[in-house]
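Below you'll find the structure, written out as structure tokens, and then a few comments.
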2 protein chains.
Amino acid sequence: MNDKKLLTRVRTYATSANLGPGFDCAGIALNIYNECAVYSNGSKNNRISLQGKNVQGIAEDDSNLIFKTIRKVLEEKYGAIYEKYEKPVEIICNINVPVERGLGSSSTAVVAGLLIANEIYDLNLSNTELLNIGLDIEPHPDNIAPCIAGGLVISYKTKSGNYSFEKIKIKKNFKVLLMIPGFKVNTCEARKLIPELVPKKDAISNIANFAMLINCLKEGNIENAFNFIQDQMHQPFRKDIYADSFNLVEELNDCYKIPAAISGSGPTVLAFIPNNKLTVFMSGHLDGLKNKYQNFQFKLTTVRNEGSYCFL
Amino acid sequence: MNDKKLLTRVRTYATSANLGPGFDCAGIALNIYNECAVYSNGSKNNRISLQGKNVQGIAEDDSNLIFKTIRKVLEEKYGAIYEKYEKPVEIICNINVPVERGLGSSSTAVVAGLLIANEIYDLNLSNTELLNIGLDIEPHPDNIAPCIAGGLVISYKTKSGNYSFEKIKIKKNFKVLLMIPGFKVNTCEARKLIPELVPKKDAISNIANFAMLINCLKEGNIENAFNFIQDQMHQPFRKDIYADSFNLVEELNDCYKIPAAISGSGPTVLAFIPNNKLTVFMSGHLDGLKNKYQNFQFKLTTVRNEGSYCFL
């Protein structure tokens, strides 16, 4: 243990993808994070130890996504001979982001790997370069991009075939309520439920709704957003794998006029509570909802506006 | 002629629908208008006379869209016995909006009918009610809604099945360049070219691009908009019916970095020229484009921010 030297620490944030109609392109960073301390390691092997209550299902060996991502970064940089450059590290990871609940847990690991590699190998890769390397590990940008950049991010494919993203300036006059059920959803399995072809009218509905939702968030008009957080492209097809979450989304939108959507591929429900409705909602309605949805943990948080980062 | 009394005048504006990725939901009003003077008419029949050079193909009898729309409004209001309430009118119409060029010519007629009926029968219908009646005549809201409201408008279907719309606040730091070719495109025929099912990735591309385009227009960041005015849902399928227009769109976006799209179902090309690039573009590039695209008429205009209206 004596030759252990702290190389860097990294904080990577939970994210909620899709935001209803922004299927596979939108995501928002939340103020819940995992933190890793990265030490130089005298031995020849990477080591990782996990702390926190959300660690179940995370690999505690060299197959951990953080190590896989660090290797992928080195491979991108140095090609086939990248192993020559690899320095084994010991990582102590404090996990707060729930796993397989639709809150971008695996993106926190991918982005941790990207940022650690960029930092300890002094690579100076841009956020867009990091995103595109990360996509080789996890092929969907809607969690990775906001995890890297913070805030509300829209990702898009450029004409060159790479992905890029833009952080959208929004008003922050709301809190984020997460309703996290006690069961997991596997993202790969959830993706299989969505057909490859979309009826034109459903695509048009999502195009209009997502632009209107962005308009509401930019204008700070959260009160109207429940009209536009409607989705026709993923939530209806996955209804059966998260029936309670789906009902909760509908109840929040239709009865409480609180904009709500399935977070990522679920099962967590994300809701935007405008600040001026917060007291009434939390004191007047929350107990009723908790009582009705007993399997859910309710957690109030905010948008994380800055990106994930390394520090010492 | 002695018993002719001027009842109202109405100005209805050209509109450009789709704006690239905002297929079938977005439209913007332009400062080009048709103007009708509406007179009481002693005879038992409606009469219309058309002035201007763009009148070819417009019905000059009772089957004119304006009369059809007036009757539809009355039918909505009074049901089957609406004919009892109908007062024949004589309309003198000055036509400036090109016909069947993708500039919302038929919407100018539908909205003229809506506004005339609302005015001369004193019906006090809201803009949303007018839109939904108009949709019975012309089933797509993306021209009618901005023609009614002015500005950039997104239309959407509500849970009740009706349409509603919202006017999006944007910065006006650009001019609109229309490039209008010498041939017509029939909207109904053009619609048939678009498949009913959309590959998921194309829908996602339009969702992301349209939200990004709206973000650019709200931020006044027209310079970046050429990246996001890309469409995968209609323009590629209609490429063959307006090959030159399609090439012009690509040339403007790719070579000049000027955001451009097919206006509605074409063949007109719409481009947003940022004010700070206007002089360079108009003096440096326009002649070259005019020379290359000799079949096109180039017309510089602006966004019309107020809706169509009646006046005396």
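Order of the sequence lines sets the chain letters (A, B, ...), proteins ahead of strands, with each chain counted from 1.
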How many angstroms lie between NZ in A:Lys169 and CG in B:Asn215, if you round to the nearest 0.5 Å? 8.5 Å

How long is the span from the CD1 atom in A:Ile204 to the CE atom in B:Met233, to the nearest 0.5 Å? 5.0 Å

Is any NZ, NE, NH1 or NH2 atom of the basic residue among B:Asp254 and A:Lys159 found under 4.0 Å from an Asp or Glu carboxylate oxygen of the other? yes

Among B:Thr158, B:Asp24, B:Ile214, which residue has the highest count of heavy-atom pairs closer than 4.5 Å to chain A? B:Asp24

Pick from B:Gly22, B:Ser164, B:Ala26, B:Ala211 with the largest number of heavy-atom pairs that fall under 4.5 Å of chain A: B:Ala211

When you check the gap from the basic side-chain N to the acidic O, do B:Lys218 and A:Glu219 get nearer than 4.0 Å? yes

Is the shortest side-chain heavy-atom distance between B:Phe23 and A:Lys200 below 4.5 Å? yes

Toward chain B, the part of A:Asn206 with a non-hydrogen atom under 4.5 Å: both

NZ/A:Lys239: more than 12 non-hydrogen atoms of other groups inside 6.0 Å: no

Heavy-atom pair with the smallest gap, counting every atom of A:Cys25 and B:Ile207: SG-CG2, 3.9 Å

Under 4.5 Å from a heavy atom of chain A, the part of B:Asn224 involved: side chain

Can you find a heavy atom in the side chain of A:Phe228 that is under 4.5 Å from one in the side chain of B:Tyr156? yes

What option among B:Glu166, B:Met212, B:Lys201 has the most heavy-atom pairs under 4.5 Å with chain A? B:Met212

Quick check on A:Ile194 against chain B: is it the side chain, the backbone, both or neither that has a heavy atom closer than 4.5 Å? both

For A:Ala208 versus B:Ile154, what's the shortest heavy-atom pair and its separation? CB-CG2, 3.9 Å

